[in-house]
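Notes follow the structure.
Lettering follows sequence order; numbering is per chain, from 1. Source: prediction; values computed, not measured.
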Amino acid sequence: MIRVRFAPSPTGPIHLGNARTALFNWLFARHNGGVFILRIEDTDVTRSDPRYTQLIMDDLRWLGMDWQEGPDAGGPYGPYVQSQRLSTYQDFAEKLLEEGKAYPCYCTQSELEERRKAALARGRPPRYDNRCRNLSEAEKKALESQGRRPSLRFLIPPGEKLAFEDMIRGRCEFNLSVLGDFVIMKADGTPSFHMAVVVDDALMRITHVIRGEDHLSNTPLHILLFEALGFPRPHYAHLPMIAGEEGDPLSKRAGAFSIQDYKGWGYLPEALVNYMLLLGWSPGQKQEKLTLAEAVERFDVRHVSKSPAHFDPKKLDWLAEKYLRQADSERLIELIVPLLPEEAKKVERPRLKALVEAVRPGLANLSQVVKESEWFFKEPVLDEGQITALSSDKPRAVLAQVLEALEGQEESFIKEYNKFIKQLAEKGGLAPKEVMMPLRLALTGSTHGPELVAVISLLGHEGCKRRLKKLLTQIGQLNKNEINLLKET
RNA sequence: GCCCCCAUCGUCUAGUGGCCCAGGAUGCCAGGUUCUCAGCCUGGAGACUGGGGUUCAAAUCCCCAUGGGGGUACCA
């Protein structure tokens with residue numbers, strides 16, 4: 001049985017990079033009929049916050065991923081939160097200590113830091129010099145009597161090279177001689193990251209570790225630990241990093257790219273997921289828009305790219321537009337009402353639906369939909385240039401005639417609108433554009449937007465009259481006919 | 001400094017020695033359709049980082065250089 005895990009640390013909201021790692025793990029599990037496990041790595045007490053654990057789970061669910069074992073789901077190898085597994089790590093650390101595979105190190109952090117700096121200054125590798133490896137019992141006692149609390153270091157076994165087969169990169173080889181003994185238990189009794197991952201991956205029977213490339217150089221340490229502990233090593237796959245537009249690392253700008261942000265901007269989760277799919281993996285064929293189910297069927301880690309991908313917001317938007325355009329309107333309304341002005345709550349459902357459907361083409365997210373819907377809720381305020389444009393003879397006559405026509409008609413006249421515009425243009429010897437553009441501008445305050453028919457039917461008979469009247473009044477200098485017209489109502 | 005990984009159009013990628021004077025998608029430009037925007041249709045510009053090998057043949061294999069990324073923590 002294939003078992004994979006996503007193991008975030010709850011030190012902040014997850015961003016695109018993390019989410020993509022989760023997604024590829026999930027896909028791998030699904031494709032192979034395996035188990036996807038969520039594990040929370042909160043061994044860094046100072047930086048972890050349980051609020052983020054909740055947020056991470058919310059984000060994953062929002063994106064459409066589920067897990068068979070995890071903090072909330074439970075499972076046979078729990079608990080799935082590292083801070084609740086402390087004694088387990090201690091037991092294994094004890095074992096390593098007894099077997100001589102680890103030893104206490106009494107160096108303080110400031111001493112280590114100092115030596116690191118000094119080494120660097122002399123052009124020497126800044127790694128730990130293994131000086132506590134061979135301390136006698138008497139020396140240990142002496143150090144302890146100074147009040148020093150030891151950390152526990154793993155003793156790198158002598159050997160030249162260590163190699164492993166990465167599912168994405170193929171054979172990766174490392175030189176063990178450049179490694180310093182590394183900490184597996186901190187002085188406060190909590191495990192280091194290396195210790196915790198290896199113990200957990202082993203105990204949770206993880207068969208495939210799929211993680212970011214930033215862990216590639218940790219892998220030899222982990223393999224060493226698996227061997228020392230007597231566990232079989234899992235298979236590894238290291239995913240390429242995702243860089244920002246400028247090629248900067250994504251994680252350092254986590255805030256700007258968190259899943260929460262995209263959710264907040266009103267991107268549809270399926271669009272985001274689809275875009276993440278394309279970051280480092282290609283579904284093949286010509287089709288790039290695909291559902292999670294299709295991705296599950298086609299996904300293969302071995303075909304994931306080795307080189308880092310740049311995040312391209314334009315391509316995200318291209319996909320997001322497609323998804324927004326085809327999304328169920330009822331669902332969209334649920335999502336968008338809280339974002340719209342108060343008045344929206346008073347608008348009848350069908351009208352709201354028509355609004356969203358008219359406005360959504362070309363837009364990538366709900367914030368844009370809200371913005372492009374402004375004209376519907378608020379009467380337009382024209383700028384000077386626009387007013388001047390509408391004040392010249394032709395547009396003014398058009399607007400007045402439209403008003404006049406509307407005045408004599410019932411609500412249902414809206415249905416006749418297309419014919420009416422055509423007739424109006426014909427009578428006045430105008431191009432359709434010369435009728436429609438002024439109308440559009442007068443009605444919405446903008447030269448672009450949904451098709452005019454939709455605008456008019458959305459605004460309704462009374463709405464159109466009100467706006468036209470207001471505008472004509474504003475333009476002023478009306479002839480007698482027009483004034484009479486205005487007086488009538 | 002040292003170690004590791006990577007390198008095809010602006011971007012995401014296809015390409016696992018001949019099918020590649022390199023294909024697709026996106027973006028960009030031009031034209032068409034259209035009241036506008038979007039869409040759709042048609043067309044266009046746009047890449048194998050460089051240098052050495054290996055081979056009858058290299059984007060594909062090897063070496064070097066260059067560039068990018070990651071690591072080098074009692075962070076994960």
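A distance of about 36 Å separates the P atoms of rC48(B) and rC37(B), rounded to the whole Å. Taking the C1' atom of each, rG15(B) and rU8(B) are spaced 9 Å apart, rounded to whole Å. Across rA45(B) and rU54(B), the matching C1' atoms stand 36 Å from one another, rounded to whole Å. rG46(B) sits 24 Å from rG39(B) when the P atoms are compared, rounded to a whole Å. Taking the C1' atom of each, rA58(B) and rG50(B) are spaced 16 Å apart, rounded to whole Å. Nucleotides rG51(B) and rU11(B) are separated by 28 Å at their C1' atoms, to the nearest Å. Taking the P atoms as reference points, rC4(B) lies 26 Å from rC9(B), given to the whole Å. Atom name P, nucleotides rG69(B) and rG23(B): the rounded distance is 30 Å, in whole Å.
Interatomic distance, CZ of Phe24(A) versus CE of Met276(A), reported as 8.5 Å (0.5 Å rounding).
In terms of position on RNA chain B, the residue among Leu120(A) and Pro191(A) whose nearest nucleotide sits closer to the 5' end is Leu120(A).
A salt bridge is absent between Lys117(A) and Glu114(A); no separation between the charged side-chain nitrogens and carboxylate oxygens falls under 4.0 Å.
Residues satisfying the side chain to side chain contact (heavy atoms under 4.5 Å, CB included) criterion with Ala22(A), sequence neighbours excluded, are Phe6(A), Leu60(A), Met65(A). With sequence neighbours left out, the ring pair (Phe, Tyr, Trp, His ring centres under 6.0 Å) criterion links Trp281(A) to Phe299(A). For Asp181(A), the salt bridge (charged side-chain N to carboxylate O under 4.0 Å, His left out) partners at least two apart in sequence or on another chain are Arg133(A). Lys378(A) pairs by the side chain to side chain contact (heavy atoms under 4.5 Å, CB included) definition with nothing, not counting sequence neighbours. For Thr88(A), the side chain to side chain contact (heavy atoms under 4.5 Å, CB included) test picks out Arg85(A), Phe92(A), Val199(A), Leu203(A), with sequence neighbours left out. Remark: Ala163(A) pairs with Arg171(A), Glu173(A) by the side chain to side chain contact (heavy atoms under 4.5 Å, CB included) rule, at least two apart or across chains.
The stretch residues 148-155 of chain A touches RNA chain B through Ser151(A), Arg153(A), each having a heavy atom within less than 4.0 Å of the strand.
Pairing for rG39(B) goes to rU33(B), judged as Watson-Crick or G-U wobble with the two contacts each under 3.5 Å. When both distances must be under 3.5 Å, the Watson-Crick or G-U wobble mate of rG46(B) does not exist. Remark: rU54(B) base-pairs with no nucleotide in the shown strands. Criterion, Watson-Crick or G-U wobble with two distances under 3.5 Å. When Watson-Crick and G-U wobble pairs are counted only if both distances are under 3.5 Å, rU60(B) pairs with no nucleotide at all. Pairing for rG17(B) is absent, with no Watson-Crick or G-U wobble pair whose two atom distances lie under 3.5 Å. The nucleotide rG10(B) finds its pairing partner in rU26(B), both defining distances of the Watson-Crick or G-U wobble pair being shorter than 3.5 Å.
Ring pair His235(A)/Phe28(A): centre-to-centre distance not below 6.0 Å.
Put simply, CD on Glu113(A) is 13 Å from C1' on rU72(B), counting in whole angstrom units. Leu162(A) has its CG atom 20 Å from the P atom of rG71(B), to the nearest Å. Rounded to whole angstrom, the span from the NE2 atom of His215(A) across to the C1' atom of rC3(B) amounts to 18 Å. rU26(B) atom C1' lies 11 Å from atom CG of Asp317(A), rounded to whole Å. We find that CG of Leu316(A) is positioned 12 Å from P of rG27(B), with the value rounded to whole Å.
Pairs of residues two or more places apart, or lying in two chains, that qualify as salt bridge (charged side-chain N to carboxylate O under 4.0 Å, His left out) and include a residue from residues 428-439 of chain A are Lys394(A)-Glu434(A). Within the structure, no pair that satisfies the salt bridge (charged side-chain N to carboxylate O under 4.0 Å, His left out) test touches residues 353-363 of chain A, not counting sequence neighbours.
Phosphate proximity of rA76(B) to Thr43(A): present, with a side-chain N or O under 4.0 Å from OP1 or OP2. The phosphate of rU72(B) has neither OP1 nor OP2 within less than 4.0 Å of any side-chain N or O from Arg116(A).
Asn218(A) comes within contact range of at least one nucleobase, with a heavy-atom separation under 4.0 Å. Note on Glu41(A): only backbone sugar-phosphate atoms sit closer than 4.0 angstrom, heavy atoms only; bases stay farther off. No engagement by His238(A) is indicated, since no non-hydrogen atom pair under 4.0 Å with the nucleic acid exists.
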Acceptor/donor pairs from residues 308-322 of chain A side chains to any protein atom, 3.5 angstrom cut, sequence neighbours excluded:
residue   : atom : partner   : partner atom : Å
Asp312(A) : OD1  : Lys314(A) : N            : 3.1
Lys315(A) : NZ   : Glu288(A) : OE1          : 2.8
Asp317(A) : OD1  : Tyr267(A) : OH           : 2.6

With B for base contact, S for sugar-phosphate-only contact and - for none (protein heavy atoms under 4.0 Å), nucleotides 4-16 of chain B reads SBSS--BSBSS--

Strictly under 4.0 angstrom, non-hydrogen atoms only: write out the protein contact profile of nucleotides 35-49 of chain B, one letter per nucleotide from the 5' end, B, S or -.
BBBSS----------

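Because its NZ or CZ atom is not both nearer than 6.0 Å to the ring centre of Tyr103(A) and within 45° of the ring axis, Lys140(A) does not count as a cation-pi partner of that residue.
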